[in-house]
Amino acid sequence: MSVSEPLWIWGLTIAVIIGLLAFDFFFHVRKAHEPTIKEAAVWSAIYVGLALLFGVIVLIFGGPQMGSEYFAGYITEKALSVDNLFVFLVIIGSFAVPREDQQKVLLFGIVFALIARSAFIFAGKALIENFSFMFYLFGLILLITAGKLLAPEKEGDDEANNFIIRLARKYLRTTDHYDGDKLVTYENGKRVLTPMLLVMVAIGGTDVLFALDSIPAIYGLTTDVYIVFTATAFSLMGLRQLYFLIEGLLDRLIYLKYGLSLVLGFIGVKLVLEALHTNQLPFINGGENVDVFTFSAATSLPVIIGLLTITVLVSLYSKRGRIASAVGSVDRLAHSYLHTEYRGSAEERERQYAKILAGEEKLKALDEELVVQEAERQGTYWALEKAHRLHAEVHGS
């Protein structure tokens, strides 16, 4: 497999990325704490700034096409990474991970995602160089993924009880109680695994699934493996800080999936057109190239930026987005309260229940019709009913 950039550039780049991850761990994550909004905002800005600075360097030394490919790849992967945060939010809520320990889970998710995607990146490059039909296959994958994003969400999915977790509980000795951010603790004199490990297994499993979509997407924008790797790596940097910064806004991005669907669909079409343009399959046009229009990197970048900007702005300024955020917050609180195995003290559970009641009061001040529609879509009333029933049973009322 050919790699155009010198090995010393690869070595320097990987060293910088490892250095940033190590800095993040030793100076922010090692000591468990809940980051403030200011801390999350400052470090999110720093990581985005580093990614943009790297892009400028690529633009200066690699030329306009290479620079456009990097920025298009970075923006696409960043948007897909934000989509990842929705799933992380559900998993962390389902396992009721203590607030101060969530940073360790997120950093693990980022590191595992980087490792998984790096493996897919090099595997994808090898496939592209050895099989002429891969662009057709990648394009089809993206078009199917774009369609799935538009499909209604299935109700009743529980990220805390997926297949991998059930296997882990069955064959490994685990406890339902946290011991800080430790992965292993002692219970009744026996060494057992804490729920923190199960959370990381769930996060790791979703990272692999997301890699299956994100790698074909970025290879639809560039086949330069160095650009693919760096755009992917920088899109993951700062994701931990971004989680704490926009956690309350995630539910408001109700139209982001439509923007992502259009972006993935556009890249899928772009891949198929490029596959036709460089066609070597004997049953298509006799194995000859097909004279079709193809999108350049300079064309792809404004299309991607435009689609994502419009969907994010419409989401943030829509009334439905604000209501989705409020309902989503109550829904997660109720589901978290129902996972009694992960909450030990009665005081902590009472605080959780008080938050549910406060959230319900906020919903009463919003448009009732839209609240009902969104709550029915998310299955919030079902979760609230079970939470209230559980609370009444515990208190004998």
Side-chain angles (χ1 to χ4, degrees), residues 21-22 24-35 84 87-116 119 156-210 240 243-244 332-356 383 386-387 389-396:
L21 291 171
D24 213 14
F25 175 76
F26 287 106
F27 290 91
H28 293 108
V29 177
R30 192 176 186 182
K31 183 179 180 181
H33 73 287
E34 179 182 348
N84 287 21
V87 180
F88 288 0
L89 195 64
V90 173
I91 293 174
I92 288 173
S94 295
F95 279 96
V97 180
R99 187 74 174 171
E100 63 273 11
D101 297 323
Q102 291 178 9
Q103 292 198 93
K104 187 172 185 178
V105 173
L106 291 167
L107 184 60
F108 168 82
I110 292 168
V111 173
F112 191 88
L114 185 56
I115 294 171
D157 288 342
D158 190 345
E159 296 293 340
N161 288 293
N162 60 40
F163 178 70
I164 298 175
I165 297 303
R166 290 198 299 272
L167 282 179
R169 285 188 177 136
K170 184 176 180 180
Y171 294 105
L172 300 176
R173 184 181 293 139
T174 62
T175 178
D176 294 327
H177 304 290
Y178 288 96
D179 185 5
D181 60 2
K182 295 179 181 178
L183 302 181
V184 179
T185 188
Y186 287 90
E187 189 174 73
N188 299 323
K190 295 182 179 180
R191 189 180 174 90
V192 294
L193 303 174
T194 71
M196 186 66 70
L197 181 65
L198 299 180
V199 178
M200 291 184 176
V201 169
I203 293 285
T206 59
D207 282 334
V208 173
L209 294 177
F210 277 115
R240 175 184 64 78
Y243 173 89
F244 289 98
R332 283 193 302 278
L333 286 169
H335 277 89
S336 180
Y337 183 81
L338 291 173
H339 282 281
T340 56
E341 67 271 31
Y342 300 124
R343 291 199 175 274
S345 68
E347 293 79 8
E348 187 178 0
R349 290 186 56 74
E350 280 304 305
R351 286 195 295 269
Q352 185 77 358
Y353 189 73
K355 290 180 180 179
I356 294 174
K386 289 195 69 175
R389 191 186 309 137
L390 177 62
H391 185 267
E393 289 174 359
V394 172
H395 291 80

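Basis for what follows: all heavy atoms, side chains included, without hydrogens, waters or symmetry-related copies. Please read these numbers as outputs of a predicted model, since none were measured by experiment. For reference, positions follow the sequence shown, starting with 1.
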Rounded distance (nearest 0.5 Å) linking atom CD1 of I115 with atom CD1 of I110: 12.0 Å

Worked check of side-chain contact (heavy atoms from CB on, under 4.5 Å) between R349 and V394: CA-CA 11 Å; R349 290 186 56 74; V394 172; 5.5 Å; no

Side-chain heavy-atom pair Y243, I92 within 4.5 angstrom cut-off: yes

Nearest atoms (heavy-atom pairs only) where F108 meets G204: CE2-N, 4.4 Å

Test log, rule side-chain contact (heavy atoms from CB on, under 4.5 Å), inputs L183 and L193: CA-CA 6 Å; L183 302 181; L193 303 174; 5.9 Å; no

Gap separating the CG atom of L198 from the CD1 atom of I91, nearest 0.5 angstrom: 11.5 Å

Pairwise distance CG(L333) to CG(L338) - rounded to 0.5 angstrom: 11.0 Å

Y337 and H391 aromatic ring geometry - parallel, tilted or perpendicular at 30°/60° bounds: tilted

side-chain contact (heavy atoms from CB on, under 4.5 Å) assessment of R240 paired with V29: CA-CA 10 Å; R240 175 184 64 78; V29 177; 3.7 Å; yes

CD-NZ distance between Q103 and K31, expressed to the nearest 0.5 angstrom: 12.0 Å

Main-chain N/O of V97 paired with Q102 side-chain donor or acceptor, under 3.5 Å: yes

Nearest-0.5 Å distance, NE2 of residue H335 to CD1 of residue I356: 10.5 Å

